[in-house]
Enquirer: 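Structure in structure tokens, see below.
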2 protein chains.
Amino acid sequence: MKLSAIIGLVAAIPSAMAVWPIPATFEQGTSNTQTYWVNIETQGRTSAIVNGAVNRYRDIINKENYLAPVDYNRGILKTSGTLQSLVVSVESTDESLGIDTDESYTLDVPVNGKATLKAKGPYGALRGLETFSQLVTSNGNSKAIANTPIHIQDAPLYTHRGLLFDTARNYYSLASIKRTLDAMSYNKMNVFHWHIVDAQSWPVESRTFPELQKKGAYGTDQMYSYNDVQQIIQYAKERGIRVIPEFDVPGHTYIVGQSHPELMSCVNKQPNWDKYAAEPPSGQLNIAKPETVTFTNKLVDEYTKLFTDEVFHLGGDEVNRNCWSEDPDVIAYLAAHPGEDVESLLASWYAKVHDHLETTGKTAYTWEETLFHSEYVPKNNTILQVWIDQASVQQAVSKGYRIVSSSYDSLYLDCGHGAWLSNWDGNSWCDPFKTWMHVYNYDVAANITDPAQKKLILGTEVAAWSEQIDETVIDPKLWPRAAAMAETAWSGKADASGHVRTTAEVATRLHEQRFRMVGRGINAEPMQPLWCARNPGACNLP
Amino acid sequence: MKLSAIIGLVAAIPSAMAVWPIPATFEQGTSNTQTYWVNIETQGRTSAIVNGAVNRYRDIINKENYLAPVDYNRGILKTSGTLQSLVVSVESTDESLGIDTDESYTLDVPVNGKATLKAKGPYGALRGLETFSQLVTSNGNSKAIANTPIHIQDAPLYTHRGLLFDTARNYYSLASIKRTLDAMSYNKMNVFHWHIVDAQSWPVESRTFPELQKKGAYGTDQMYSYNDVQQIIQYAKERGIRVIPEFDVPGHTYIVGQSHPELMSCVNKQPNWDKYAAEPPSGQLNIAKPETVTFTNKLVDEYTKLFTDEVFHLGGDEVNRNCWSEDPDVIAYLAAHPGEDVESLLASWYAKVHDHLETTGKTAYTWEETLFHSEYVPKNNTILQVWIDQASVQQAVSKGYRIVSSSYDSLYLDCGHGAWLSNWDGNSWCDPFKTWMHVYNYDVAANITDPAQKKLILGTEVAAWSEQIDETVIDPKLWPRAAAMAETAWSGKADASGHVRTTAEVATRLHEQRFRMVGRGINAEPMQPLWCARNPGACNLP
């Protein structure tokens with residue numbers, strides 16, 4: 001029987017392909033292939049990234065002895081062939097990693113003999129290795145790959161499949177960050193948006209202004225040295241993950257005032273901080289003082305070198321006008337400069353900082369307020385991060401901007417945990433909790449039909465703001481919900497046939513991915529009683 | 001200076017007493033006492049329980065090197081005396097543990113010399129040891145007890161300070177149960193309500209009906225043998241924690257039908273399970289069949305022996321009438337018995353089961369529906385567990401029943417996590433999330449003024465229903481929120497002066513307890529940014 005005939009037979013059973021995120025296109029057969037110790041070899045010139053990944057996945061696959069919950073009473077698969085090895089090859093050994101990096105790959109697993117993984121570049125090979133690892137399942141005392149022969153051609157829909165990670169409200173150890181990067185790679189996520197500083201702490205080393213971390217880190221044991229940052233960037237790169245740092249200015253900067261009070265406005269106003277900031281402690285860089293531009297630009301100079309990604313996030317969210325309109329320096333400045341106001345001051349401040357960033361060769365990434373809630377007009381190549389309003393996605397792309405969405409209403413994974421102010425037992429501002437189904441149902445491209453505008457959607461980011469999170473709880477906060485976004489960002493909302501996947505359809509596969517992650521040391525939370533994971537369709541609302 | 005004078009000086013600063021839950025009465029001085037390796041000795045006859053606890057706390061205290069977040073920049077305390085040892089003595093060595101067990105203790109820590117802990121019985125000594133352990137803080141290279149001399153007289157307000165732990169929706173390892181019991185003891189909680197079986201699985205060994213666990217446990221690696229149960233009971237007892245098992249009948253019993261289909265009604269009705277049960281899978285013991293009484297009573301015979309506590313929980317919640325009114329056996333029975341109906345059948349069924357429990361000498365514990373939503377009249381000594389309606393607390397005590405409240409609206413720690421049915425992205429039925437402030441603000445005795453009725457309130461229980469929880473996430477789900485209930489159940493809502501404590505007042509102390517728990521290996525989640533923990537009052541709503 002020819003391969004195409006076999007494939008034709010089972011094409012109607014896509015659920016047998018349990019890979020998460022689901023590959024763009026795949027074909028399966030009806031045989032099963034035995035595997036023992038799985039050998040992975042490379043062919044031709046590869047790269048350190050590929051070689052490292054081959055070693056990593058050889059370990060993962062051979063240590064893993066995994067059976068999906070739905071297969072708990074499957075019994076032993078009858079196999080009709082044996083996998084000899086997986087042969088990995090890449091067309092290019094270019095290890096640069098950025099917005100345009102190709103992550104496509106082709107994977108073929110025959111019933112018998114050698115499987116092949118071919119990619120344009122190293123990062124496609126990484127994605128294919130993850131896919132291959134998910135095909136191998138426990139089979140009695142050995143292992144097997146079911147439904148061979150398998151042919152997969154895969155590539156992501158979006159180039160930006162990110163996680164916003166906040167190390168300022170609470171600190172995270174390097175180990176927990178690396179574990180998170182591992183987990184991201186298991187879901188083919190590729191952007192670690194490191195919201196590294198905020199009002200509450202400044203955990204990252206500065207060599208330009210060492211007093212920032214000295215007075216701003218929670219402790220010498222709660223900070224990131226240059227070496228730590230470089231380690232994280234390298235660890236991420238080895239998993240095909242870009243690290244985009246965010247230095248949020250001019251708001252969310254109370255902590256700068258611990259070492260540079262002269263740069264600040266409205267520092268820690270109490271008890272009515274809510275007039276000056278979205279959360280305590282209040283404090284913003286004083287936009288009437290040219291020194292704050294100099295200070296910020298020096299930080300940009302320093303950190304655009306430390307952080308190697310082509311994109312650099314300048315924050316710009318939740319800027320509070322009262323903070324400045326009541327500031328004596330701002331008042332004095334405006335009195336001396338008729339025709340100016342807080343808005344023009346802010347626009348001019350943004351221009352100086354964004355202009356300076358441009359001289360470093362980096363692309364600006366900024367919260368949507370910089371465009372929608374200020375008079376500044378971001379440069380054309382600026383990437384806008386939309387979080388407040390889904391309509392902003394449409395408006396931003398209609399203005400020609402590239403966007404990433406981390407819609408608070410769908411992708412803020414910290415939400416729904418109640419308020420955290422000590423004296424109030426109310427809800428959180430972004431209630432309710434975002435279930436994995438809610439995350440999965442989010443469509444960043446909703447109502448955008450113009451192909452040119454669609455192209456401006458770079459992707460999505462889940463966010464884990466850390467007011468109520470630290471490393472004790474980060475794993476179950478992120479997983480498996482971040483995985484739900486990871487699939488919609490990699491595979492899109494619809495199958496190749498145009499069918500929009502429903503959460504009922506994908507639940508079994510996500511259960512499988514969740515238990516796989518737990519087996520790999522990620523404390524992903526359970527989605528349902530195990531009984532439901534074992535009985536697909538039995539836990540649906542009628 | 002006399003002790004009383006010193007105490008007079010600082011009586012207005014109760015916040016210096018950082019013990020959680022706060023002792024009923026305490027006095028502090030203004031000195032500090034140095035401690036090195038802390039020795040704990042016993043005086044007079046003690047008991048294995050006390051000796052075990054002494055060893056345990058000697059380890060905890062000497063390994064711990066703890067400084068509360070609020071003290072991060074405190075510097076070294078100047079000490080004016082040295083602690084020689086802690087001397088523990090008990091009046092009675094009676095190790096029996098039940099509703100009436102005395103947990104009171106008196107603890108004196110002088111500025112210099114030996115501290116003394118005196119208790120009526122072993123369990124009071126345990127509570128005092130926990131208090132003592134919380135007084136010791138890191139002090140540079142050594143340790144210290146601040147604000148000596150200290151005199152504490154302490155006893156709980158309520159006798160029942162519980163946690164409902166559900167091992168049926170998802171399984172928990174013995175290690176995670178023991179860790180939970182440890183955490184309970186750090187908060188002076190004393191009842192582990194083991195909701196051990198439910199519709200989804202039957203993880204506990206039965207020797208009367210071994211087919212129950214054979215067909216009902218999630219796996220041979222996901223069940224509790226007799227030995228496991230006995231280990232848990234012993235481990236709990238060593239920490240002053242009673243284990244009350246719940247065998248929920250006649251609802252929530254789908255899993256019985258896996259081995260005893262002949263006993264069941266409405267087994268796994270699909271897709272419209274919601275007509276027959278609160279959640280899938282549906283299934284109830286068939287109350288028209290006398291065999292279900294025999295079956296239940298045999299289980300009662302078996303498990304009242306395995307579980308040694310004087311109280312035994314018979315469930316009785318969320319019974320669904322449709323399940324029976326559409327059952328052919330029930331229909332046939334009612335046709336043959338004019339004058340009877342589903343309600344009378346159910347009342348008679350409860351009577352037979354509760355009568356039988358009485359013959360074992362145990363006290364019945366049952367969900368409020370057994371009283372309020374059935375025609376059965378529970379025996380006078382039955383303990384009712386109220387969860388639906390706060391008004392039920394008043395009604396139950398006015399009828400003379402003892403109650404425990406696990407108000408879903410305040411004490412269900414699993415709530416607010418969204419719905420978990422695969423095809424629906426809505427909220428959970430018991431939204432929103434119960435913050436620690438909301439838990440703390442719950443008053444089980446609200447609007448009950450009659451002292452005789454007040455006495456019928458045995459206490460409170462937080463519940464961790466496990467549809468969306470297993471051991472990956474149990475620690476942060478429970479802690480520190482369960483600790484919030486633990487304080488209100490031990491210390492009451494008000495100080496000795498009558499002042500009702502506010503969450504703003506206790507936040508710093510709960511932060512301290514949370515970080516202490518993390519240090520002891522409990523993954524309690526953070527309440528706020530660390531900055532807030534270090535800056536009391538700065539994170540309040542104006």
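None of the values given here were measured: they were computed from a predicted structure. In what follows, every chain begins at residue 1, and chains take the letters A, B, ... in the order their sequences are listed.
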Enquirer: Would you please go through residues 464-476 of chain A and name the residues with a non-hydrogen atom below 4.5 Å from one of chain B, in numerical order?
Expert: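 The residues closer than 4.5 Å to chain B, in numerical order, are A/Glu467, A/Gln468, A/Ile469, A/Asp470, A/Thr472, A/Val473, A/Pro476.
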Enquirer: Which one of A/Met527, A/Lys477, A/Arg534, A/Lys275 has the most heavy-atom pairs closer than 4.5 Å to chain B?
Expert: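 Heavy-atom pair counts peak at A/Arg534.
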Enquirer: Could you tell me which portion of A/Ala199 (side chain, backbone, both or neither) has an atom closer than 4.5 angstrom to a non-hydrogen atom of chain B?
Expert: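 Neither; nothing under 4.5 Å.
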Enquirer: Need one label for A/Tyr442: side chain, backbone, both or neither, based on atoms under 4.5 Å from any heavy atom in chain B.
Expert: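 Neither part.
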Enquirer: Can you say whether B/Ala168 sits under 4.5 Å from chain A via the side chain, the backbone, both, or neither, judging by heavy atoms?
Expert: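 Looking at B/Ala168, nothing touches chain A.
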Enquirer: Just checking heavy atoms, which of residues 426-435 of chain B are less than 4.5 Å from chain A?
Expert: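 Those residues of residues 426-435 of chain B which have a heavy atom under 4.5 Å from chain A are B/Gly426, B/Asn427, B/Asp431, B/Pro432, B/Phe433, B/Thr435.
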Enquirer: How long is the straight-line distance from OH of B/Tyr218 back to CH2 of A/Trp531, given to the nearest 0.5 Å?
Expert: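 Interatomic distance, A/Trp531 CH2 to B/Tyr218 OH, rounded to 0.5 Å: 9.0 Å.
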Enquirer: Quick one: which of B/Pro281, B/Ser201, B/Ala419 has the most heavy-atom pairs under 4.5 Å with chain A, could you say?
Expert: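 Going by pairs under 4.5 Å, I would pick B/Pro281.
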Enquirer: Show me the pairs that pass disulfide bond (SG atoms under 2.5 Å apart) and involve residues 499-542 of chain B, at least two apart or across chains.
Expert: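 Found B/Cys532-B/Cys539.
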Enquirer: Non-hydrogen atoms of chain A under 4.5 Å away: do they reach the side chain of B/Gln222, the backbone, both or neither?
Expert: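 Interface part for B/Gln222: side chain.
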Enquirer: Just checking heavy atoms, which of residues 514-522 of chain B are less than 4.5 Å from chain A?
Expert: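 Against chain A, the residues of residues 514-522 of chain B that fall inside the cut-off (heavy atoms, under 4.5 Å) are B/Arg514, B/Val518.
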Enquirer: Less than 4.5 Å to any heavy atom of chain B: does that hold for the side chain of A/Ala507, its backbone, both, or neither?
Expert: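 Contact with chain B involves the side chain of A/Ala507 alone.
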